[in-house]
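As the structure lists them, so they are numbered: ligands from 1, and atoms in each ligand from 1.
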Amino acid sequence: MTSQTLREARKYEEASEKLIKKEERPSFHLSVRTGWMNDPNGFSFYKGQYHLFYQYYPYDSQWGDMHWGHAVSSDLLHWEYLPAALAPDEFYDRDGCFSGNAIELPDGRQLLMYTGVVRERQKNGGIYEVQTQCLAVGDGMDYEKYEKNPVLDEKNLPEGCSRFDFRDPKLWRKEDGTYCCIVGNRPEDGSGQILLFTSSNGFQWNYKKVLCANHNRFGLMWECPDFFPLDGKWVLLVSPQDMRPQGFEYHNGNGTLCLIGDYEEHTDTFTEECNQSVDYGIDFYASQTVLAPDGRRIMIGWMQNWDTCSLRQPDQPWFGQMSIPRELSIKNGRLYQRPVRELDTMRKNRTAYENVTVSGTVRLDGIKGRMVDMELVIRPADAADLYHKFALRFAQNEEFYTSLSFRPGESILKIDRKFSGSRRAIIHQRRSLVDSHNGELKLRIILDRFSAEVFVNDGAQVLTATMYTEQEADGISFFAEGAAAIDVVKYDLC
Ligand code: FRU
């Protein structure tokens, strides 16, 4: 039975979606149907299509009581909106249906697990959100909340675990048919931990153990965990809040990182070996993965940063876009990402240049656009004479641009949207230490109307940033102090 709250949301989104023109949205990145979007939820392959749900407040372009929006796609690039899947309409989730995940049950139904939120006034007068884990079962369109919700609450938590920071379940089914889920939680040390729960049928759950604890190493509370095997290792993805910077690896604020290690399934023991940032740019958070039918592990993230949401004017009819889905792999102990290969079919109008010397500013015929896939190899024009700085400017006109600049002496790559048209006093740039020898660097840059994703050295690192520069600013130019040589291959994405 669809509740009144969900019916209203469905009616509202259908009407207000029509007020947003196609050209006012990203072209191949999923954006919210109307209103506000944050985290990807329930990223799954079900009944022959990719399903992506998301944190959703249809009635305003600001965060509000969370619903689940819903979209499907067969290629991860062209999305079709489906009616909102969940609304905050029960006593256990009346203040929000927070993030969660989806799997297919053996009987063919789809099982959603999400965090139900209820605001509770405390004795000291403060209001805290109590968070529990809840289920809904459906057919890919309509979902029925489970009559025994919530299935995990404070009674399932060991002593010292916060009932206020207990959210974002990730579900999976083991080969023996039993179910696991991990949930982010805050222990007494005030930082984050990932709790593991198990179930024989997906409906009755029991606490198993702490899968991994932050111990105040990376930020405080850990949100949105994901855990999966990849290339002989296991990867734990988490999105910590309140991070402090560590060198050029981790930056302030919300971040997304992965812990790579081994997992002993019989004892549920995860042994960490190394960790790294997942994205070194400004806008990437709360990532989730799906296992594609062909075996690829594909990750998507909210292409936004909580601290910089004010970049976009509040009077816009939509706020929030997802990153491009990225294929993951592990090479030499590092997580590599590349845009899903489906993007190759959108490449049109190939323009290529080889060995162009750049000294001062250079513009190249045919190299422009705001929906672009561009590969760039940079090296010194003369191997014995290292250039001092190289810069690429894009989304450029007389007034605006966003830039990538590289100083080979320091091996630092910087993304900077300060001149993209922003009127806000928020961070606009991020720097990253990249692997470069003798001034050589390889980049692949994916531009959509409101974003840039930069894959460095075949995806060893990625820097993502959003920008809302007017679309007429479609110039691309190259600049060097000293002399650099570049190879460029550029496609329009149609
Ligand atoms: C992460 C997050 C999640 C929560 C959701 C609420 O961005 O804070 O932890 O489930 O957003 O919208």
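- For the side-chain contact (heavy atoms from CB on, under 4.5 Å) test, no residue two or more places apart in sequence or in another chain qualifies with Asn206.
- Atom numbering of ligand 1 starts at 1 in the shown order; those under 4.0 Å from a heavy atom of Glu223 are 1 (C), 2 (C), 3 (C), 7 (O), 8 (O), 9 (O).
- A donor-acceptor pair shorter than 3.5 Å cannot be found between the side chains of Tyr56 and Asp65.
- Remark: Lys331 is positioned above the aromatic ring of Tyr336, its terminal NZ or CZ atom under 6.0 angstrom from the ring centre and at most 45 degrees off the axis.
- Atom numbering of ligand 1 starts at 1 in the shown order; those under 4.0 Å from a heavy atom of Met66 are 12 (O).
- Here's the thing with Ser99: one of its N/O atoms is less than 3.5 angstrom from an N/O atom of ligand 1.
- Near Asp39, meaning under 4.0 Å from one of its heavy atoms, ligand 1 places the atoms 1 (C), 2 (C), 3 (C), 4 (C), 5 (C), 7 (O), 11 (O).
- Numbered from 1 in the order shown, with element, the atoms of ligand 1 that lie under 4.0 Å from a heavy atom of Gln55 read 5 (C), 6 (C), 12 (O).
- Short contacts between ligand 1 and Tyr285, defined as distances under 4.0 Å to a heavy atom of the residue, involve ligand atoms 1 (C), 7 (O).
- Ring pair Phe53/Trp68 is tilted by interplanar angle, where 30° to 60° counts as tilted.
- Judged by a 6.0 Å distance limit and a 45° cone about the ring axis, Arg312 is positioned over the six-membered ring of Trp318.
- Lys47 and Asp139 are not joined by a salt bridge, as no carboxylate oxygen comes within less than 4.0 angstrom of a charged side-chain nitrogen.
- With ligand atoms numbered from 1 in the order given, ligand 1 contributes 3 (C), 4 (C), 9 (O), 10 (O) to contacts under 4.0 Å with heavy atoms of Asp168.
- Contact between Thr115 and ligand 1 is absent, with no heavy atom of the residue lying under 4.0 Å from the ligand.
- Contacts between Trp302 and ligand 1, counted as non-hydrogen atom pairs separated by less than 4.0 Å, are absent for every part of the residue.
- Checking only distances, Asn38 does come within under 3.5 Å of ligand 1, N or O to N or O.
- Using bins of under 30°, 30° to 60° and over 60° for the plane-to-plane angle, the ring pair Tyr263/Phe227 lands in the perpendicular bin.
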